Amino acid sequence: MSFLRRNRAAVILLLIGLIFVAVGVWRGEVETVFRKAVTICMECIGLG
């Protein structure tokens, strides 16, 4: 428990980050981000 007391701010920020990731997955943004990443990667390689 002393670890949580010393790093309370870090734990809170980690939980907030996890909540934001979960909301993004719930909203279906994973597919959008993946599609954009593939497009950028193909442009860099020169295939797209």
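Please read all numbers here as calculations on a predicted model, not as lab measurements.
- Side-chain contacts under 4.5 Å among hydrophobic residues (ILVMFWY), followed directly or transitively, place W26 with no other residue at all.
- Taken to the nearest 0.5 Å, the CG atom of L14 stands 10.0 Å off from the CD1 atom of I19.
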Donor-acceptor pairs under 3.5 Å, side chain of residues 32-42 to any protein atom, not counting sequence neighbours: which ones?
unit_1 : atom_1 : unit_2 : atom_2 : d
R35    : NH2    : E31    : OE2    : 3.1
T39    : OG1    : R35    : O      : 2.9

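- Screening residues 21-30 for salt bridge (charged side-chain N to carboxylate O under 4.0 Å, His left out), with sequence neighbours left out, gives R27-E29.
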